[in-house]
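Notes for the one structure printed next.
Basis for what follows: all heavy atoms, side chains included, without hydrogens, waters or symmetry-related copies. Bear in mind that the values here come from a model prediction, so they are computed numbers and not experimental data. So you know, we letter chains A, B, ... as the sequences are listed, proteins then strands, and number each from 1.
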Amino acid sequence: MAYWLFKTEPDVFSIEDLVNSPKSTTRWDGIRNYQARNFLRDQVKKGDQVFIYHSQCKPPGIVGLAKVTVTAYPDPAQFEPDNKYFDERSNPEDPRWVAVDVQHVRTFKEALSLPQIKQIPGLQQMVLLRQGRLSIQPVTDAEAKVILAAAG
DNA sequence: GCCAACGTTGGC
DNA sequence: GCCAACGTTGGC
């Protein structure tokens with residue numbers, strides 16, 4: 001069982017939106033970055049734990065925990081011409097982009113903000129701080145323990 | 001809204 | 001296959 005961090009913009013889709021989704025579950029789609037895609041496609045497994053990170057807000061930070069309920073399958077949005085994630089170069093015979101399903105586990109009473117993360121020893125090597133733009137990223141077991149302890 | 005970081009595209 | 005131009009992400 002591995003840990004991951006998935007980013008989302010709360011103005012677009014927040015952890016509250018996840019809670020309010022049917023069965024508190026949603027399709028995590030629209031990933032259009034190869035490095036993130038490779039993690040999703042090759043390494044994210046059913047039952048893996050996912051830290052939900054809110055970006056583009058004040059303050060950005062980790063707001064809760066979800067889990068993977070369905071492993072990678074072709075992201076339908078890539079084949080829908082009206083969808084903002086449509087990719088005309090993706091071939092249905094060999095889909096370029098994948099999605100997974102995630103289910104809400106819990107929302108932290110207090111979010112762990114980015115400034116806090118930067119200060120906590122043990123989190124300073126997180127991919128989040130080194131590769132700011134990656135929207136799907138691995139979290140080590142040690143980092144996960146620290147995050148969960150800090151989140152109460 | 002600005003700007004740094006960095007991924008992607010396309011000419012050569 | 002290099003690299004400049006361009007687009008996007010995301011913190012501030």
ask   = Are any non-hydrogen side-chain atoms of A:Val102 and A:Thr26 less than 4.5 angstrom apart?
value = yes

Please determine if a side-chain N or O atom of [X] lies less than 4.0 Å away from the OP1 or OP2 oxygen of [N].
X       : N     : answer
A:Lys7  : C:dT9 : no
A:Tyr53 : C:dT9 : no
A:Arg32 : C:dG7 : no

ask   = Heavy atoms under 4.0 Å, any strand shown: does A:Gln131 hit a base, just sugar-phosphate, or nothing?
value = sugar-phosphate

message = Quick check on the 6.0 Å ring-centre criterion: do A:Trp97 and A:Tyr73 meet it?
response = no

Let me know the distance between [atom1] of [X] and [atom2] of [N], rounded to the nearest Å.
X        : N      : atom1 : atom2 : answer
A:Gln56  : B:dA4  : CD    : C1'   : 14 Å
A:Gln137 : B:dG7  : CD    : C1'   : 15 Å
A:Tyr34  : B:dC6  : OH    : P     : 20 Å
A:Asp11  : C:dG10 : CG    : P     : 13 Å
A:Leu134 : C:dT9  : CG    : C1'   : 11 Å
A:Arg37  : B:dG7  : CZ    : P     : 15 Å
A:Asn38  : B:dG7  : CG    : P     : 13 Å
A:Phe6   : C:dG10 : CZ    : C1'   : 19 Å

key: Nearest-nucleotide pick for A:Lys118, side chain only, options being B:dT9, C:dG11, B:dC6   = C:dG11

message = Among C:dG11, B:dT8, B:dA5, which nucleotide has an atom closest to any side-chain atom of A:Arg133?
response = B:dA5

ask   = Would you call A:Asp87 and A:Arg96 a salt bridge, taking side-chain N to carboxylate O under 4.0 Å as the test?
value = yes

Run the side-chain donor-acceptor check on residues 131-152 of chain A: report pairs under 3.5 Å with partners two or more places apart or on a different chain.
| residue | atom | partner | partner atom | Å |
| --- | --- | --- | --- | --- |
| A:Gln131 | NE2 | A:Gln35 | OE1 | 2.9 |
| A:Gln137 | OE1 | A:Leu128 | N | 2.7 |
| A:Gln137 | NE2 | A:Leu134 | O | 2.9 |
| A:Thr140 | OG1 | A:Glu143 | N | 3.0 |
| A:Thr140 | OG1 | A:Glu143 | OE1 | 3.3 |
| A:Glu143 | OE1 | A:Thr140 | N | 2.9 |

